[in-house]
Amino acid sequence: MHARARSQDVVEAARALTRYPAAIKEELRKPRSMSNDSQASSVSDEKQRKSSSASSASTAPFLELDPTSGKQVLRPKSWQSSTATLVAISEAASKAEKALPPPAVEFSKLHEVAFVINVCMAQFLSLAALAQSVAPLLIIGESFNVTNPGQLSWYTAAFSLTVGTFIMPAGRLGDMYGHKKLFLIGWAWFAAWSLITGFSYASGSMMFTVARAFQGIGPSLLVPNAMVLVGSTFPMGMKRNIVFSCFGAAGPTGFVVGAVFSSLLAQLASDSRSSPLDPSSQPPTFDFLGCVTGVSGLVLVNFAWNQAPIVGWSTPYVYALLVVGVLSFIAFIYVQLRVARFPLIPLRGLHKEAGFALACIAAGWGSHGIWIYYLFLFLERARGYTPLAACAQTSTVAVTGLIAALSTGLLLKKMRVAYVMFLAMLAFLIGTLLGATAPVVQTYWLQIFFSVLVMPVGMNLSFPAGTILLSNALPREHQGVAASLVSTMVNYSISIGLGVAGTIERQITQNGAGYVQGYRSVWYFGAGLDGLGLAISAYFVWKSRTKA
């Protein structure tokens with residue numbers, strides 16, 4: 001029995017060394033404290049070794065029961081393993097297993113493909129739903145007898161507002177109650193409010209805007225929890241980076257598909273109307289105070305910026321709400337740093353690299369929202385194309401976006417994330433400037449074509465790079481927060497960017513300039529955001545080179 005138990009110890013130690021070789025070596029280097037029994041055993045072993053060293057019989061082989069055959073076999077002296085060594089390896093394996101993330105879930109190939117498709121559909125349908133009120137915007141406005149640009153922008157801004165606002169609480173709730181559970185709830189919510197939004201046309205423009213806002217809560221539950229499911233299923237490495245890249249590529253593809261089908265259905269409906277037909281010892285708690293202050297700040301600031309183009313900044317409640325929103329933001333930061341034990345955003349644990357990535361994403365995606373929104377208005381209103389024809393002219397984003405997203409994993413393997421972000425900001429800047437300087441009378445194959453070709457590079461380099469960076473930078477218990485931060489920054493910057501752009505357009509057109517000049521002005525504002533992101537990324541490129 002003793003021989004069997006010891007042989008089993010050897011097998012278990014060998015398995016541990018195979019599973020966690022690097023971590024066990026690190027643990028074995030550390031000084032180990034022994035109990036009294038272990039110390040007594042150690043002293044006894046030392047005495048035995050001294051006495052046996054004097055005897056020549058110590059080098060003789062010995063008989064031991066083989067647990068496999070059940071027979072006595074002759075073993076060499078080197079076969080004997082120290083009990084203390086086996087105990088050390090066992091303890092090191094236990095510590096390594098606690099310190100390292102859990103092993104990847106074993107999937108069959110079919111199950112793995114189905115899982116990746118499922119999580120990518122969250123990003124795909126999120127951007128498809130965003131596009132539903134971008135491409136056919138003028139037809140939607142005509143159906144509600146709305147022509148005010150400020151009111152029209154709310155159809156898109158309301159959706160982006162709730163997506164960006166509720167992503168932070170959704171990620172934290174996923175950390176607490178299970179990301180799979182929140183993922184399933186997100187699908188149910190998204191389906192229900194998409195159906196309600198479809199029938200809300202009968203109740204007027206206000207109901208449609210409200211329904212779009214509630215529809216956006218669905219993607220806010222889906223996207224961060226889908227990203228955490230990817231991070232917890234696949235270990236760090238090339239496969240995980242490729243899945244994150246596919247997740248990013250689903251965005252522009254979904255936008256194109258959503259724009260095409262919404263335009264097709266809107267045009268058919270329009271034609272029919274015109275014809276006869278930490279893992280802690282204490283369970284984590286939800287940060288309600290942080291949620292209230294953070295969500296209030298996001299909603300109030302966003303509402304003020306998007307409402308100002310409609311009623312003007314001279315209206316008292318607009319700047320009053322803006323001030324209250326800014327104060328709520330300040331209170332939110334204080335709560336996260338000083339009050340909350342389990343904050344929504346672990347601001348104290350964020351590295352400079354994470355802040356740099358979020359700042360670049362905010363600048364780049366804010367300009368992207370302006371670029372895509374006013375590009376459709378430019379093509380449809382200035383150049384006279386139908387929504388479906390405008391979708392055809394922007395369809396190349398799906399191809400270039402897919403190529404850029406899939407190449408991100410390879411780029412991140414060969415260069416630092418600062419360089420990838422610099423390339424993304426440069427692509428955003430070039431694409432926006434090409435659109436801003438495009439003449440009304442010009443062939444599509446010149447500036448607009450190349451603008452549409454370049455912009456997805458910025459989208460699909462920045463999103464996976466930021467996601468991978470934050471996912472690797474934060475501990476496992478904050479993976480929901482990591483996913484939430486990137487998606488919050490993307491969607492909220494789109495929404496707030498449209499609000500600022502609407503204010504600029506209103507001021508330009510009120511001073512007597514035409515609507516085309518208003519479009520160009522907001523595009524130049526977007527280019528300014530890209531320039532800011534480019535400067536930030538260039539600074540961190542310089543910092544990374546000096547560290548190297």
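- Nearest heavy-atom pair across R212 and S133 is NH2-OG, 2.8 Å.
- Using modelled atom types, no side-chain atom of T209 and backbone atom of Y155 make a donor-acceptor pair closer than 3.5 Å.
- Applying the side chain to side chain contact (heavy atoms under 4.5 Å, CB included) criterion to A226, with sequence neighbours excluded, gives V119, A122, F183, F247.
- With a 4.5 Å cut-off on side-chain heavy atoms, V452 and L375 count as touching.
- Rounding to the nearest 0.5 Å places OG1 of T396 at 12.0 Å from CE of M455.
- F540 has its side chain out of reach of M421: every pair of non-hydrogen atoms, C-beta onward, lies at least 4.5 Å apart.
- Here the side chain of S200 pairs a donor or acceptor atom with the backbone of T197 at under 3.5 angstrom.
- By the neighbour-count criterion of 12 heavy atoms within 6.0 Å, atom CZ of F329 is densely surrounded, having more than that number from other residues, nucleotides or ligands.
- Ring-plane geometry between W154 and F303 is classed as tilted, the angle between the planes lying from 30 to 60 degrees on a 0 to 90 degree scale.
- The two residues G186 and L221 make their nearest non-hydrogen contact at CA-CB, 3.7 Å.
- Between W365 and F428, the two ring planes are perpendicular [angle over 60°; tilted spans 30° to 60°].
- Looking at F159 and I494, their side chains never come closer than 4.5 Å, going by heavy atoms from C-beta outward.
- Using a 4.5 Å cut-off on side-chain heavy atoms (C-beta onward), S126 and F190 make no contact.
- Using modelled atom types, no side-chain atom of S462 and backbone atom of I361 make a donor-acceptor pair closer than 3.5 Å.
- Rounding to the nearest 0.5 Å places CG of L327 at 10.0 Å from CG of L300.
- Separating the OG atom in S262 from the CD1 atom in I139 is a distance of 9.0 Å, to the nearest 0.5 Å.
- Pairing each heavy atom of A129 with each of Q215, the nearest pair is CB-NE2, 4.1 Å.
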Listed pairs under 3.5 Å, donor-acceptor, residues 529-538 side chains, sequence neighbours left out:
from: D530; atom 1: OD1; to: S367; atom 2: OG; distance (Å): 2.4
from: D530; atom 1: OD2; to: S367; atom 2: OG; distance (Å): 3.3
from: D530; atom 1: OD2; to: T432; atom 2: OG1; distance (Å): 3.0
from: S537; atom 1: OG; to: G533; atom 2: O; distance (Å): 3.1
from: S537; atom 1: OG; to: L534; atom 2: O; distance (Å): 2.9

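- A side-chain donor-acceptor contact under 3.5 Å links S220 to the backbone of I217.
- Here the OG1 atom belonging to T293 is positioned 12.5 Å from the OH atom belonging to Y334, to the nearest 0.5 angstrom.
- W371 and S451 get closest at one heavy-atom pair: NE1-OG, 2.9 Å.
- A donor-acceptor pair is defined here as one N or O able to donate and one able to accept, closer than 3.5 Å; such a pair exists between the side chain of W189 and the backbone of F214.
- A distance of 11.5 Å separates CE in M176 from NZ in K181, rounded to the nearest 0.5 Å.
- Summarising the geometry of F115 relative to V230, their closest heavy-atom pair is CZ-N, 4.2 Å, with the distance given to 0.1 Å.
- The side-chain heavy atoms of L137 and F376, taken from C-beta on, include no pair separated by under 4.5 Å.
- With rounding to the nearest 0.5 angstrom, the OH atom of Y374 is 14.5 Å from the CG atom of L379.
- Residues that satisfy the side chain to side chain contact (heavy atoms under 4.5 Å, CB included) test with V541, not counting sequence neighbours, are A418, Y419, F422, R545.
- Across all non-hydrogen atoms, the minimal contact from L173 to L182 is O-CD2, 4.0 Å.
- Two residues are said to be in side-chain contact when any heavy atoms from C-beta on lie closer than 4.5 Å; I496 and V301 meet this criterion.
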